[in-house]
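Okay, structure first, notes after.
Worth knowing before you read on, the calculation uses all heavy atoms, side chains too, and leaves out hydrogens, waters and symmetry mates. Whatever order the structure lists ligands and atoms in, that order sets their numbers, starting from 1.
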Amino acid sequence: MTHSESTMSDRAFKALDDFQIEIPSWGFANTGTRFGKFLQAAAASTLEEKFADAAEVNRLTGVTPTIALHVLWDLPNGVADVPELKRLESRFGIRAGSINPNLFQDQQYKFGSLCNPNPETRRQAVDHVLDSVEIAKATGSRDVSLWLPDGSNYPGSQSIRARIGWLEEALQAAHSALGTDQRLLVEYKPFEPAFYHTDIADWGMSSHLSQAAGPQARVLVDTGHHYSAQNIEQIVAWLLHTGLLGGFHFNDRRYADDDLTLGSIDPYQIFRIFHELQSADFEGLPHDVAFMIDQSHNIKGKIEATVQTVVTAQELWLKAAMVDREQLARHQRSCDVVAAEELFRGAFWTDVRPLAAAWRIARGLAPDPLAALREGGYVERIAIERGSRQSAVSSYA
Ligand code: RM4
Ligand code: MN
Ligand code: MN
């Protein structure tokens, strides 16, 4: 190995040692579109099955020790379900990750949850968030990750400003229930399910609401929750600068909130986001960002899709680690546009897969997790075990 090759592999190993990502329980369940669901024999319908699947992904990749949970899909009895969850944690070696309230499926939320004009409905929604904070305390989860469907469909049908006030009050109430180590993550989304105005539509609104809620609130960036032309890495840079970046929901999209596999449509986008994060690390800018996946595997096999996502995330993280940031800073200072751009593009085009495979072998993992999944027979086994019952588990669509 030449000197530069060994520097490259040291850098790659360090980058991969630092990288972990949380996988969503709902990525293993049957989900669909608003037109219907296609059921898969191997889909998980119980919390136990979701933990088993998460453990298989972690066995193959070694970088997914936590699973994100949606309260009503995974812990419908609230804190009373936590002892069972603890048993699953020790049995499968997977921990509960972020706790996600469900403020979007019950009938009373037709006109909104935390922003509903009916004070009784707002109270119920706040209570659900407070229950979620309690669950997170009981599971030892740091992050309560909040996404609301709230908004309106027709101009003039709601007071946009009144709803801002209700939201501030609700988030302050949630924040004041947090333990000292916990955080409230505030997710934004431009539209859907509301199609005229959405109460938390962009990062500016999330930033304001996080600051109004309190010092432990942060913004959550879901990569699919932007208009096509938006420069997401610039939003990330601003949130790093203001200290408000709390976490990501990674996925990909071609049109809107498509929840497709990370990097499947535009891998360069994720590379550019990872570059912003790693350049903040390089410059010593403090930040604490949770990496989470938020995808819906409607067409692909669920475990296959999750493994593919994790491997893609590692590859793109590794490509971003290939940027020579000292050299890039020199090109930026001298405004050498083409040299800077070529250095940046060159990192993106580096084939990092051999480095990722070498890292896996060194860590006692299979060099190709997707191939190992196929060879291991796990999916075939659970398809036989689970396939006989097509129970309707609750999940979106
Ligand atoms: C939303 C949003 C949330 C996710 C729900 C299921 O579009 O992305 O993060 O929890 O979907
Ligand atoms: Mn999301
Ligand atoms: Mn979404």
Distance under 4.0 Å to a non-hydrogen atom of His225: what atoms of ligand 1 satisfy this?
2 (C), 7 (O), 8 (O)

Ligand-residue contact atoms, ligand 1 with His70, heavy atoms, under 4.0 Å
4 (C), 6 (C), 10 (O)

Using a strict cut-off of 4.0 Å, indicate which atoms of ligand 1 neighbour a heavy atom of Asp257.
7 (O)

Asp222 neighbourhood, listing ligand 1 atoms whose heavy-atom distance to it stays under 4.0 Å:
8 (O)

Taking the six-membered ring for Trp and the single ring otherwise, decide whether the centroids of His225 and Tyr188 are under 6.0 Å apart.
no

Backbone N or O of Lys137 within a donor-acceptor pair of the Ser141 side chain at under 3.5 Å?
no

Is the Phe248-Phe274 ring centre distance short of 6.0 angstrom?
no

Are the ring centres of Trp73 and Phe104 closer than 6.0 Å?
yes

Are Phe271 and Phe344 an aromatic pair by the rule of ring centers under 6.0 Å?
yes

In the protein, N/O/S atoms that are found under 2.8 Å from the Mn ion (ligand 2), waters not counted:
Glu187 OE2, Asp222 OD2, His249 ND1, Asp294 OD2

Before accepting this row, confirm whether a basic side-chain N of the pair Arg363/Asp17 lies closer than 4.0 Å to the acidic partner's carboxylate O.
yes

Any chance you could measure Arg272, atom CZ, to Gln234, atom CD, to the nearest 0.5 Å?
11.5 Å

Of the choices Glu187, His249, Gln295, which has the non-hydrogen atom that lies closest to atom 2 (C) of ligand 1?
Glu187

Check whether any N or O atom of Asn100, backbone or side chain, sits under 3.5 Å from an N or O atom of ligand 1, and answer yes or no.
no

Just jot down the side chain to side chain contact (heavy atoms under 4.5 Å, CB included) partners of Ala313, sequence neighbours excluded, or say none.
Phe19, Ile21, Leu262

Should you measure from each heavy atom of Lys189, which atoms of ligand 1 turn up under 4.0 Å away?
7 (O)

So is Lys50 actually on top of Phe28's ring, under 6.0 Å and inside 45° of the axis?
no

